[in-house]
Amino acid sequence: VVQAGETTGTAIVVLENGFAAEDVDGVDPNPVISCETSTGLTSSDELPAGANDVTCTVTDASGNSSDSNYIVRVDDVTHPKVTLTGASPQIIEAGTSYTELGATATDNVGIVGDVAIDASAVNTGATGDYLVTFRAVDAAGNETTAIRTVRVIDTEPPVFSGPLVDIVREARPDGTVTVSFAVTATDSSGVVPTVTCVPASGSVFPVGTTSVTCTATDLSGNSVSETF
């Protein structure tokens, strides 16, 4: 058993090493040993990963010969290399679609199938970091896993659910009126933003025109204000 090269996935083996023979009739004390694989490779060639059947032939000076067989196994212990396509972290705006950038894999022997991608954890509807895994397996079963971080961010301000319409109410005899109103907003993150208004809904307003400013703020600190 020999180890395959990290870049070639093959190995050069002197097939005659460790193989001894003798001429039983005593005529030739140094018979010639030659070996080759079933595919015709010799000691000067690179053996591929896997089991290689070798036949060695011993020949004496009289031309008499004998064969013997054995197996040279070249083991690939080098793991594939996975290279991410594009940046990590991959930045995505909340509420937008996610496009997987992919990855490539190389190996000294060869990759089996395609790079397996698991992006099931990515949720563009909520800000945060999500992990995408990439798995490659070579012909010898060696495995490599790479990880990309997908970062979902929210830089967009909330949006009021509708226009803030002026409100007209008739004052009480004391010249004031209590006014209630509802102002809502939405956000690309999918989380309902906080809305505050000054003066607040339910406040007592005097006769005349009073400006009310409402501000919607999301979890990322983005905000928008409107006045009615």
Residue of the set S66, S65, P31 for which side-chain contact (heavy atoms from CB on, under 4.5 Å) holds with T59: S65
Partner of V150 by side-chain contact (heavy atoms from CB on, under 4.5 Å), out of I92, L131, I91, D129: I92
Under 3.5 Å side-chain donor-acceptor pair for T155 and E93: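 Note: T155 and E93 side chains meet the donor-acceptor criterion.
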Side chains of S225 and T213, donor plus acceptor under 3.5 Å: no
Residues which pass ring-ring contact (aromatic ring centres under 6.0 Å, His included) with Y98, listed by chain and number, not counting sequence neighbours: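 Listed in chain order: nothing, the list is empty.
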Partners passing ring-ring contact (aromatic ring centres under 6.0 Å, His included) against F228 (at least two apart in sequence or in another chain):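 Residues passing ring-ring contact (aromatic ring centres under 6.0 Å, His included) with F228: F181.
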When you compare the side chain of [Y] with that of [X], does any pair of heavy atoms fall below 4.5 Å?
X    : Y    : result
S34  : T57  : yes
T37  : L47  : yes
C214 : E226 : no

CA sep, side-chain torsions, deciding dist, call: R169, I167, side chain to side chain contact (heavy atoms under 4.5 Å, CB included): CA-CA 7 Å; R169 294 287 187 271; I167 300 173; 3.2 Å; yes
Audit row: D76, N108, side chain to side chain donor-acceptor pair (under 3.5 Å) steps and yes/no: CA-CA 8 Å; D76 172 29; N108 58 347; 3.2 Å; yes
Side chain to side chain donor-acceptor pair (under 3.5 Å) between S161 and T184, intermediate numbers included: CA-CA 6 Å; S161 301; T184 60; 2.8 Å; yes
In Å and rounded to the nearest 0.5 Å, what is the [atom1] to [atom2] distance from [X] to [Y]?
X    : Y    : atom1 : atom2 : result
T124 : D154 : OG1   : CG    : 11.5 Å
E46  : L41  : CD    : CG    : 10.0 Å
D138 : T78  : CG    : OG1   : 8.5 Å
T145 : H79  : OG1   : NE2   : 10.5 Å
I111 : T106 : CD1   : OG1   : 6.5 Å
D75  : R73  : CG    : CZ    : 4.5 Å

Summary of side chain to side chain donor-acceptor pair (under 3.5 Å) pairs that have at least one residue in residues 191-207, sequence neighbours excluded: none
Over 12 non-hydrogen atoms of neighbours within 6.0 angstrom of CG in N123: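 Yes - once you tally the heavy atoms of other residues, nucleotides and ligands closer than 6.0 Å, there are more than 12.
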Verdict with reasoning, N52 to V74, per side chain to side chain contact (heavy atoms under 4.5 Å, CB included): CA-CA 8 Å; N52 295 268; V74 179; 3.8 Å; yes
Check for me, please, whether [X] and [Y] land in the same ILVMFWY cluster - side-chain distances under 4.5 Å, paths through other members count.
X    : Y    : value
V198 : V183 : no
V122 : L101 : no
I117 : V82  : yes

With sequence neighbours excluded, residues passing side chain to side chain contact (heavy atoms under 4.5 Å, CB included) with A171: V207
Members sharing V191's hydrophobic cluster (side chains within less than 4.5 Å):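 Same cluster as V191: L219.
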Test side chain to side chain contact (heavy atoms under 4.5 Å, CB included) applied to D218 and E156, step by step: CA-CA 9 Å; D218 63 22; E156 297 294 327; over 6 Å; no
Summary of ring pair (Phe, Tyr, Trp, His ring centres under 6.0 Å) pairs that have at least one residue in residues 101-141, sequence neighbours excluded: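 For residues 101-141: none.
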Side chain to side chain contact (heavy atoms under 4.5 Å, CB included) evaluation trace for T55 with C35: CA-CA 6 Å; T55 298; C35 302; over 6 Å; no
